[in-house]
Structure formats: C-alpha cells, structure tokens
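These notes are about the structure you will find just below.
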Amino acid sequence: MNYCLHRESWSTRSPFRITGVEFNEFCNVVVELVEDDSLGRGEALGIFYLDDTPSSIVETLEHLRPRVEAGIDRVALQTLLPPGGARNALDCALWDLEAKKTGKSIWQLTGVEPKTLQTAYTIGIESTPDAMASRASNAADYELLKVKLDGHQPIERMEAIRSARPSARIVVDANQGWSLQQLKEIAPNFAKLDVEMIEQPLARGQDEGLENYRSPIPLCADESCLHLGELEQARRRYQMINIKLDKTGGLTEALALAERAREFDLGLMVGCMGGTSLAMAPAFVMGCLCDLVDIDGPLLLRNDRPTGLDYDEGMVKPFAADIWG
C-alpha cells in the first residue's frame with residue numbers, strides 16, 4: 001500500500017473566536033492511501049485543547065508507516081492507535097479506500113440512509129453584544145445558529161442576538177467557559193430566550209456538579225465525552241453528546257458511540273473541529289444519525305476544496321463519491 005501524508009493550512013474568512021482561543025487559519029493533516037489504483041483520503045485537525053496538533057498527528061502516523069504499508073484494516077487500527085486526530089485521518093482514509101476498491105458507497109458500507117441535513121452556522125465571540133447581533137443578522141439565511149459564548153456578558157450577548165434573530169433556532173456553546181454557579185444563573189435566562197441547548201458549560205474534569213443539577217435546558221457534552229470510553233460518566237451529567245471524529249478517532253468509533261448513546265436515550269449531535277469538505281463528509285454520515293448537526297467548517301474558510309459539499313442556506317445535500325466515500 002502506498003502511504004502519503006501532508007499538512008495543509010486553510011485561512012478563515014475572518015478571525016474566529018471561542019473561549020480563550022482565536023483562529024485565523026485551520027491546520028490539518030491529510031492521509032492518502034493508494035492500493036490497486038484506488039485512492040482513499042482522510043483529513044484530521046486533532047484536538048487542540050489536548051495538544052493533539054497536526055505536528056503530533058504526523059509524528060504518530062509516521063511511526064505507524066511500516067504497519068500501514070504492509071497492509072492494515074479498520075479493525076486492526078482501533079487497537080494500534082488511541083482515539084484522536086491521527087486515528088481519525090487514517091480511519092477515514094481506510095473507509096474511503098474500501099469504498100473505492102469495492103465500488104460500494106459509504107452509505108452501502110455503513111448502512112446509514114443519506115438525507116439532506118440542516119447544519120448550524122457558528123457565531124464566534126465578538127467584542128460586544130451588538131457585534132454578535134450584527135453577525136447573527138448577517139447570517140439571516142441560516143435558520144439554526146450555534147452561538148459561542150464565554151463568561152463575559154453571556155446573557156446580554158444572547159439577548160442582543162435573540163433581538164436580531166427572533167425566529168432563529170439557537171444553541172449555545174460555552175467551550176468550558178463557565179462555573180456551575182454561572183450556569184445556574186444563566187440557564188433560566190436562556191430558557192426564556194428559547195435557547196434549545198447549552199454545550200459544555202463547565203470545564204472537562206470539573207463537571208461532577210452536573211450530576212445533581214437539573215437544567216431547564218438540555219446540556220450537551222463535548223470536551224467531557226471524547227470517545228466511547230467516556231460515555232458512562234458523561235451520561236450521568238448530560239442529556240446529549242456531541243460526537244466529533246477528531247475526538248473518537250474516526251468514523252468507526254463514532255458509529256459505535258452513537259449506537260451506545262442511543263441505548264442510554266441520549267440526544268446526539270455531530271460537530272467538527274473545523275476543516276474542509278474532506279473532513280465534513282464522514283461527519284455528514286454521522287449527521288444522518290443525529291438530532292443536531294454542526295458541520296459548517298467550510299463556511300468559515302475563505303476557500304474549500306474544488307469538489308466540496310453543497311451548502312445552500314444551511315442545508316447540505318448528500319455528497320458523491322468524488323468528494324469521499
């Protein structure tokens with residue numbers, strides 16, 4: 001098997017801010033596998049808050065080169081690498097390669113029924129509530145908004161956005177930026193503002209207080225549920241799980257995590273760490289199994305790949321094999 005790795009950098013349309021971080025570009029790693037004239041590709045960004053970066057992804061994947069070139073399948077991969085960006089890129093490339101070699105679509109391989117999805121459009125943190133309201137107004141074509149907030153003026157910012165977009169569906173992502181006391185003060189106000197869900201209000205590893213808290217709005221675990229091994233703890237604290245392939249280490253475990261989470265009657269969301277349509281395509285597959293979809297990565301970039309997903313006012317159509325799978 002021919003095994004190629006390369007790094008890429010994709011500039012954002014404008015600075016994109018979440019709690020404690022500003023992005024002016026999204027950097028990724030692409031894996032390419034060639035076998036019997038078939039090409040399989042996978043893209044990953046890693047989990048930046050765990051120092052899972054493009055550099056560490058490349059280093060990990062290079063160590064695995066002899067094993068990959070000798071021949072590897074997705075089942076073996078799950079035991080060779082832990083969850084994270086490196087396994088995600090390789091796992092997705094193996095799915096793509098299998099589809100190309102067998103002539104079967106990703107839908108046939110997974111048994112997932114394709115459908116048009118509605119993705120959230122993300123409103124990053126701006127300097128003032130009015131600036132965030134302006135961003136929301138400029139996204140008038142998108143019915144579903146995902147609003148990034150930190151501990152500074154969360155209620156005032158949300159009030160301004162709701163005033164600007166009175167009929168929009170809105171979910172909020174605090175990216176670990178609040179304390180439990182702040183959550184208890186904020187959640188009732190957000191319920192009055194028809195916020196549908198609050199994602200990751202407390203810091204990873206510091207959210208045990210949620211086990212005795214009954215929020216008026218469903219809470220969703222992101223950083224607090226990276227993969228299947230963390231579901232048991234997360235289900236006691238959250239009503240929903242945000243599945244990201246960079247966290248699970250690829251589509252293989254993401255599918256298993258979704259199945260198990262449904263057994264616990266948890267809501268499901270698919271998200272992303274950013275990226276191009278090559279990263280969004282396998283996330284799209286997960287989106288067909290989820291209640292909420294956030295695969296707007298390409299919409300935050302100045303450019304996408306020449307063959308990218310078809311976005312139209314927040315609606316995303318099923319993709320063809322020339323993109324992935």
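Atom set for the values below is all heavy atoms of this structure, side chains included, hydrogens, waters and symmetry mates excluded.
- Under 3.5 Å, the side chains of Arg302 and Ser14 contain no donor-acceptor pair of N or O atoms.
- If you take OG1 on Thr276 and CG on Asp304, they are separated by 5.5 Å, rounding to the nearest 0.5 Å.
- In terms of heavy-atom proximity, Ala187 sits nearest to Ile217 at O-CD1, 3.5 Å.
- Of all non-hydrogen atoms in Pro154 and Leu149, the two that sit nearest each other are O-CD1, 4.0 Å.
- There is a path of hydrophobic side-chain contacts, each under 4.5 Å, that joins Leu33 to Ile72.
- Atom-to-atom distance recorded for Gln206:CD and Leu180:CG is 11.5 Å, nearest 0.5 angstrom.
- Using modelled atom types and a 3.5 Å distance limit, the side chains of Ser11 and Glu25 yield no donor-acceptor pair.
- Side chains of Met197 and Val172 form no contact here, defined as non-hydrogen atoms less than 4.5 Å apart.
- Considering only heavy atoms from C-beta on, Val285 comes within 4.5 Å of Trp324 through its side chain.
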**Asked** Please walk me through it: do Trp95 and Thr110 pass side-chain contact (heavy atoms from CB on, under 4.5 Å)?
**Response** CA-CA 10 Å; Trp95 276 105; Thr110 60; 3.7 Å; yes

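- Checking Glu223 against Asn175 by side-chain atom types alone, a donor-acceptor pair falls below 3.5 Å.
- Summarising the geometry, atom CD1 belonging to Ile243 is positioned 9.5 Å from atom CG belonging to Leu228; distances are rounded to the nearest 0.5 Å.
- The closest donor-acceptor contact from the side chain of Asn28 to the backbone of Ala44 lies at 3.5 Å or more, if one exists at all.
- For the residue pair Tyr238/Asp207, the side-chain donor-acceptor check at 3.5 Å is satisfied.
- Closest of all the heavy-atom pairs between Leu289 and Leu268 is O-CD1, 3.9 Å.
- Contact record, Asp291 with Met240: CB-CE, 4.0 Å, taken as the closest heavy-atom pair.
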Requested in this report: Apply side-chain contact (heavy atoms from CB on, under 4.5 Å) to Arg169 and Leu292, showing your working.
Outcome: CA-CA 11 Å; Arg169 296 178 58 205; Leu292 281 171; 3.6 Å; yes

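- Residues Glu208 and Gly205 approach most closely at OE1-O, 3.7 Å, considering heavy atoms.
- Judged purely by distance below 3.5 Å, without hydrogens or angles, the side chains of Thr307 and Asp322 never pair a donor atom with an acceptor atom.
- Taking both residues in full, the closest heavy atoms of Glu43 and Leu278 are given as OE1-CB, 3.3 Å, listed atom of the first, atom of the second, then distance.
- Atom CE of Met132 is separated from atom CD of Glu156 by 12.0 Å, given to the nearest 0.5 angstrom.
- With 3.5 Å as the limit, one finds no donor-acceptor pair spanning the side chains of Thr252 and Arg87.
- No hydrogens or angles considered: a donor-acceptor pair under 3.5 Å links the side chains of Ser224 and Gln200.
- Partner of Met286 under the side-chain contact (heavy atoms from CB on, under 4.5 Å) criterion, out of Leu255, Leu257, Thr248: Leu255 alone.
- How far CE of Met315 is from CG of Asp312: 9.0 Å, rounded to the nearest 0.5 Å.
- Taken from CD1 in Ile241 to CZ in Arg260, the straight-line distance is 12.5 Å, to the nearest 0.5 Å.
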